[in-house]
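By convention in this document, chain letters (A, B, ...) are assigned in the order of the sequence lines, proteins followed by strands, and residues within each chain are numbered from 1.
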Number of protein chains: 2
Amino acid sequence: MLSSLTLTIPENIYIKDPQSSKLGRRILEFSIILIDKIGIEGFTFKKLALEIQSNESSIYRYFENKHMLMLYLVSWYWGWLEYKLVFSTNNLTDKKEVLCRAISAITENPKKDESFGFIDEVALHQIIIHEYSKIFQTKDVDEENQNGYFIIYRRLIDRLSQLILDYNSDFKFPKMLANTILQGALKHNFLNQHFPHLTDNNQQNCEHIKIYFQTLTFKLLD
Amino acid sequence: MLSSLTLTIPENIYIKDPQSSKLGRRILEFSIILIDKIGIEGFTFKKLALEIQSNESSIYRYFENKHMLMLYLVSWYWGWLEYKLVFSTNNLTDKKEVLCRAISAITENPKKDESFGFIDEVALHQIIIHEYSKIFQTKDVDEENQNGYFIIYRRLIDRLSQLILDYNSDFKFPKMLANTILQGALKHNFLNQHFPHLTDNNQQNCEHIKIYFQTLTFKLLD
DNA sequence: ACAAAAATAAAAGTATTACTTTCATTTTCA
DNA sequence: TGAAAATGAAAGTAATACTTTTATTTTTGT
């Protein structure tokens, strides 16, 4: 992966661009580690400030509140998935292979060493698995959607559903299937970690999630 | 529906059984209406007390906190779905029809008039659509799972995955498919309400969700 | 019908959270 | 080097999520 690449996040999500300063990057880097450790409920800007030897009020100069910080991290994650999807299907012509690899890119878990700058993707992936629903399941969804906070997710759905249509243009539910794969992969990771008896997994890894969604997709489309 | 039926909720979820007293039933009835109106984040026992002309401290004698109340409501919802599922497939012999109707029971939205006692199922369904993830996506999942708080959901998954296996005993992912249907139906309802451009729906109702999951299931299993 | 027990209500108190404000200090960079 | 911008320290505020105490009402057994 190209470590000099930067993902662009909608401007109105932050007050000051955290990728533009050292403190900002420390906020991103350590908020991921801290939220992964103690969960979004227990996480406060005060604790984060302590962790990075900075100050509560300084963090508030980057993000309005922890919800906006989470929105930033979630957008970053979707942007990163989009990048992985595009990168892994680039230059391929066979439509089945493209779709198959796209599903792999989405459902495979990040590895420790494929780090993208100062972001710990493994920890971020864990955060998304555990917290992503809370981000849009609020009373303010509609307003936040109007503000364009979820635009990267939308782009990802559009892209994946287009690959689905490229493969089978008669299929009636391309966007629903795209959502099923993207959100389902996260959900099944969660089940795998906390409710193993609610899954059909008998190995340690999450290979079965990839297989499941590939099987489902091609059974549906073929 | 039999209006004298009562759903049994695990005892350790509540301090005092809310179905056992008038105040308790008012707590359930109006918490559903209030949470639906203002969302779980804005909901407090103080506001609920005001609504039902009772007192904050009295509500705390029924539930330890609002999280436990939500756990109660979610359990009630899963229990109710289980009841609908069993009721709608009772006495049928054809396995395809059983599975098909089971999916209908799960993915069809409740109607105003099929009220079960003092519970407003339409409002409860809305709450579940908007809040159900928050209930188990916490740092305490594992502990709460140990306490048996999610037992009704487990029973529902077991039941649905058994119907899937009854129809096709070779299928390798019955539990994952059961989860996909149950949680996916809720998720797609949410998308339909707040992100219509992320769905493939061109009508007002949610028929397409049922059709989608039935198509998906039988394409996978046939 | 009545006393004891249980349930409920009212009010006040506490610790924490999620910020905001003000002002001082440090860093940046033109 | 000096002005502007960024950061830090500390104190303040309103709301939340409870807990506690005490008073009042309701229920229940006899």
What integer distance in Å separates A:E64:CD from C:dA18:P? 14 Å
Considering every strand and a 4.0 Å limit on heavy-atom distances, what is the contact class for B:Y60: base, sugar-phosphate, or nothing? base
Ring centroids only, cut at 6.0 angstrom: are A:H125 and A:H130 within range, meaning strictly under it? no
Is the distance from OP1 or OP2 of C:dA7 to the nearest side-chain N or O of B:Y62 less than 4.0 Å? no
Picking from C:dC23, C:dA18, C:dC19, which would you name as closest to the side chain of A:K66? C:dA18
What is the distance, rounded to the nearest whole Å, between atom CG of B:N55 and atom P of D:dT19? 14 Å
Result for 5'-nearest mapping on DNA chain D, choosing between B:F45 and A:I52, is A:I52
Rounded to the nearest angstrom, tell me the gap between atom CD1 in A:I40 and atom C1' in C:dA18. 13 Å
d(CD1, A:I15; P, C:dC19) in whole Å: 10 Å
Taking CZ from A:F63 and C1' from C:dC19, how many angstroms apart are they, rounded to a whole number? 16 Å
Take the protein atom CZ of B:R26 and the nucleotide atom P of C:dA7, then report the distance between them rounded to whole Å. 19 Å
By nearest heavy atom, map A:G42 and A:S57 onto DNA chain C; which one lands nearer the 5' end? A:G42
Once you measure the plane-to-plane angle for B:F45 and B:F43, does it fall in the parallel (<30°), tilted (30-60°) or perpendicular (>60°) bin? perpendicular
Using OP1 and OP2 only, check whether a side-chain N or O of B:S54 sits under 4.0 Å from C:dA9. yes
Aromatic ring proximity B:F63/B:Y14, centre distance under 6.0 Å: no
When you check the phosphate oxygens OP1 and OP2 of D:dA17, does a side-chain N or O of B:K46 lie under 4.0 Å from one of them? no
Measure from the side-chain heavy atoms of B:E56 and tell me the nearest of D:dA17, C:dT20, D:dT7. D:dA17
Short side-chain N/O contact from A:S58 to OP1 or OP2 of D:dG8, under 4.0 Å: yes
Quickly work out the B:E41 CD to C:dA18 C1' distance and round it to whole Å. 14 Å
If you compare every side-chain N and O of A:K22 against the phosphate oxygens of D:dA6 (OP1, OP2), does one of them come in below 4.0 Å? no
Near B:K37 NZ, under 6.0 Å, is it more than 12 heavy atoms from other residues, nucleotides or ligands? no
Within the 3.5 Å criterion, strictly below it, is a donor on A:N192 or A:N201 matched to an acceptor on the partner's side chain? yes
Using whole Å, what does the distance between atom P of nucleotide C:dA9 and atom CG of B:L50 come to? 13 Å
